[in-house]
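Some notes on the structure that comes next.
Small disclaimer: the values here were computed from a predicted structure and weren't measured. Along the sequence shown, residues carry numbers from 1.
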Amino acid sequence: MDGFGSDFSAGGSGAKMDTGTIMEQVKVQIAVANAQELLQRMTEKCFKKCIGKPGSTLDNSEQKCIAMCMDRYMDAWNTVSRTYNSRLQRERARM
């Protein structure tokens with residue numbers, strides 16, 4: 001009988017996945033989830049900040065506000081990410 005865990009066991013046929021492959025897939029899934037969360041938060045915050053009365057189109061000032069807001073949000077996110085990653089690397093070096 002072929003169970004769920006059998007695909008992840010070590011050795012055997014080439015169809016079975018090794019732990020390295022599984023870890024890479026998990027990392028990709030986490031990265032996708034983080035990108036989706038970033039986009040969702042950015043959309044919510046910039047919409048609240050820039051759109052006074054939702055309608056079928058955006059006027060020029062709303063378009064500029066959305067573009068600037070998204071740029072600032074991404075810059076802040078990148079700064080925080082770089083700082084966090086450098087701290088992680090320093091902590092790992094101490095171990």
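- Looking at residues two or more places apart in sequence or on another chain, you find no salt bridge (charged side-chain N to carboxylate O under 4.0 Å, His left out) involving Lys48.
- Taking CG of Asp18 as the reference point, atom CE of Met23 lies at 11.5 Å (rounded to 0.5 Å).
- A 4.5 Å side-chain heavy-atom check between Ile30 and Asn34 finds at least one atom pair inside the cut-off.
- SG atoms of Cys46 and Cys65 are separated by 2.5 angstrom or more, inconsistent with a disulfide link.
- Under the 4.5 Å side-chain heavy-atom criterion for ILVMFWY residues, a single connected hydrophobic cluster contains both Phe47 and Leu39.
- Between Glu37 and Arg41 there is a side-chain heavy-atom pair separated by less than 4.5 Å.
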Between Ser81 and Asn78, is a side-chain hydrogen bond (donor to acceptor under 3.5 Å, both in side chains) present by the stated rule, with each step listed?
CA-CA 5 Å; Ser81 293; Asn78 289 332; 5.3 Å; no
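- Nearest heavy atom pair, residue Leu38 against residue Tyr73, reads CD1-CE2, 3.5 Å.
- Within a 6.0 Å sphere centred on CZ of Arg72, heavy atoms belonging to other residues, nucleotides or ligands number more than 12.
- Met68 and Ile66 are assigned to two separate hydrophobic clusters, defined by single-linkage of ILVMFWY side chains at heavy-atom distances under 4.5 Å.
- Nearest approach of Glu62 to Thr57, heavy atoms of both residues: OE1-O, 4.1 Å.
- One distance of note links CE of Met74 with SG of Cys69; it measures 12.0 Å at 0.5 Å rounding.
- In this view, Glu44 satisfies the salt bridge (charged side-chain N to carboxylate O under 4.0 Å, His left out) rule with no residue, not counting sequence neighbours.
- Glu91 is linked by a side chain to side chain donor-acceptor pair (under 3.5 Å) to Arg94, counting only residues two or more places apart in sequence or in another chain.
- No more than 12 heavy-atom neighbours from other residues, nucleotides or ligands sit within 6.0 angstrom of CE on Met70.
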